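Since the structure comes first, as C-alpha cells, the remarks are kept for the end.
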Amino acid sequence: VNIHLGQVLLTAVVTAVVGLLMTESYQTTPWLADKLMRWSVRLRYTDNPERATIREEELISILGDLPTLFKLPTAGGFFLRALAYRLANRRNHGSHSRPTGDVLLLPTLYLINCAAYSSWSQLGEVGTKPWLLLVWLYAVVMLIPLAWRSRAPVAVFATQWVLTVAAWPITPIFTPIIGIPVALYAVAARCSKKISLLALLASFIPNGLAAAVAFRTWYDFSQQISAFTSSAIFLILVAVGAWGAGRLTQASELHVQHQTEPRRAGQLSLEARFQVKRDVLLLAAFYLCNCFTFSAWIHLGEVATKPWLLLVWLYGLVILIPLAWRDKAPMTIFAIQWVLTVAAWPIMPLFTPVTGIPVALYAVAFHHGRKISLLTLLASIIPVGLCAAVAFRVFPTYGEQLLPFISNVIFLVLITAGAWRAGRMMRVGQQHVQHQTEPRTGQLSPEASVL
Amino acid sequence: VTNPLLDVLEVLLEAFDNDRQELHGWAIKEDAARSGPTVYGVLDRLEDAGWITSRWEDHNSQPNKPRRRFYRLTPTGVVSAARLLTARRPDTRYRPQRPTEPGLPFSGWLSSLFAGGAR
C-alpha cells in the first residue's frame, strides 16, 4: 500500500511540476519570441537604422497576431535568416574572417563529435537519463563564443579553457575537446608567437582532463592507463597541429601584406593556396577527432594486435582531401564523398566516415539551385543509412541493434538536413548581399537590373 | 531575379488589379506562400529599387491591435513588374493589363528595345 501511495504521490508531484513548467513556458514564449524578433531586426538592419525601426514595429505587431505556438518558431526563422545574412555580408565585404560556412560548419562537426564522444550509444537512454540532454546542450552552447574567435582570440580561448575545464566535474564521461584546438588556432593565427605558445601550454590542462575521462570509463587500471595515454597523445597532436596551422596562416597573411601592388594577382593566388591548406588542416583536425571517436577511440591501444586499424584511420583522412575543392566543384566532390562513404561500408567494419557527406552537401546547397541540392539531399540518404547501419555490426542481438540504429538515423538525418539548410540559407543571404552591392550586368533587363 | 521575388510581384500586381492596391506585409507573405523572412527580404529589395512604397495605417480596424504597414506598387513598379513577369513567367495566372507606362506612350517600346540591347 505504501508503494502504491508513494507512486500516486510521485505521479501527482510530477504532473503538477510538468503542468507548472508547461504553463510557465506558455507564458514566457511570447516574451522570448519578442526579444528574438528584436535581435533579428537589429542584426539584419545594422546598416539601416531607419528601416530597422520600421521593421521592428511591424514584425512585433505581426508576432502579436500569431497564435502562441507559432510565435517562437516565426521569430526563430527571422533570427536565423538575419544571422545568415550578416555572415554572408561579412564574407562579401572581404572581412578578415575565415569562410562564412566555417561558422556553421563548426557546430555541425562538433555536434557529431560531441554525440559520438559522449553518448552516441546513449541516445536511446535519454528517457532514463534526462541529464544527457543538459550534457549535449552544454556542448552546443559552448560553441557559441567560437564565432568571435577572430575578433577576440585570447578571450575566446580563455572562455573555451574555462568551459572545458568546468565541464569535467559537471559532466561525467564527457568532456568537450573541439573548443580548445579551434580557439588555439585563432590565437596562433592572430596573436604573437609568445602568447600563442603560452596558450598552447595552457591547453595541456583541459586536454589532460579530457584524456583523464579514461579513468572514469574503464575499471581496470591497465586499460585506464592505456586509454589515457593514447587519448593524451592524440589530443596533444591535435593541439600542436592547430597551433602550427595558425602560425602558418599568420605567416602567409604577413607575406601577402608585404607584397607590392603590381604583384597583387600572385599574392591572391598564394593567399588562396594558403586558405585551402588552412581549410584542409581544420577539416582534417575535426575529422580526425570524429574518426577516432566514432571508430576506434577505445581501440587505439589495440593497434599492435589489429594493424588494419591504421588503414581504417588512413582511409578516414584520405577521404577528406577532396573536400578542399568543394567550392570549386561541389557536385563532383559530393559524388566522390558519396562513393567513398558507401565504399567504406563493406571495407571497414565498425567504422563509416560520416563527416564528408554533410560538408559536401553544404557546398552543393550553397553553390547550386534548389532542385539539384534537393536531389543530393535525397542521394545522401544511402550513405547516411549505411553509417547508421553500423549498429547492426556493433551489437549482437536484434533487440540491441534496433534502438542505436534508429537513434543514429535520426541524428545523422538531422545533421545532413541541417547542413543542407545551412547551405541554402547562406546562398540566400549571399544573393541578397550581391543584389545590394554589385553592379547589375548580363541577362537582366533594365527594370530587373535595378533589383 | 529569384522565384520569391516573382511570387511577391505577382501578389502585388494582383492586388493592384483588384483595386485593393495595397497589402500589409503578412498578407503578402500568406498570398505568396513564402516564409516571412524571405518575403521581407524581397520587400526590402523592392523598396530600395523604388518599385514599391509603404505606409503605416492610421489605426488598425480591429480594436486593441497595433497598426500595420501597407505596401503597394509605384507606377514604375507596376510597369516594370508586369514586364518582368511577362518575360519570366509567360504561362502564369497573371496577365499584364497595362500596356504602357502612364503618360509615356512609347516608353514600353523603348524599354523593350533597351532591354534587348542589354542582352
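Chain identifiers are assigned alphabetically (A, B, ...) following the order of the sequence lines, protein sequences preceding nucleic acid strands; residue numbering begins at 1 within each chain. These values consider heavy atoms only, across backbone and side chains, with no hydrogens, waters or symmetry-generated copies. Quick caveat, the model's predicted, so the values are computed rather than measured.
Atom-to-atom distance recorded for A:E58:CD and B:S54:OG is 7.5 Å, nearest 0.5 angstrom. Atom-to-atom distance recorded for B:D48:CG and A:R51:CZ is 4.0 Å, nearest 0.5 angstrom. In this structure, A:I62 CD1 and B:Y40 OH are separated by 3.0 Å, a value rounded to the nearest 0.5 Å.
If you check the side chains of B:R69 and A:S61, you find no donor sitting under 3.5 Å from an acceptor.
Of the atoms belonging to A:T74, it is side-chain heavy atoms, and not backbone ones, that fall under 4.5 Å from chain B.
Interface check for chain B: of the options A:I60, A:N48, A:I54, the most heavy-atom pairs under 4.5 Å are formed by A:I54. In terms of non-hydrogen atom pairs under 4.5 Å with chain A, the most contact-rich of B:H24, B:R67, B:K65 is B:R67.
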- Item | Candidate pair A:R55 and B:E47, rule salt bridge (charged side-chain N to carboxylate O under 4.0 Å, His left out), full reasoning | CA-CA 13 Å; A:R55 285 283 182 267; B:E47 258 189 327; 3.7 Å; yes

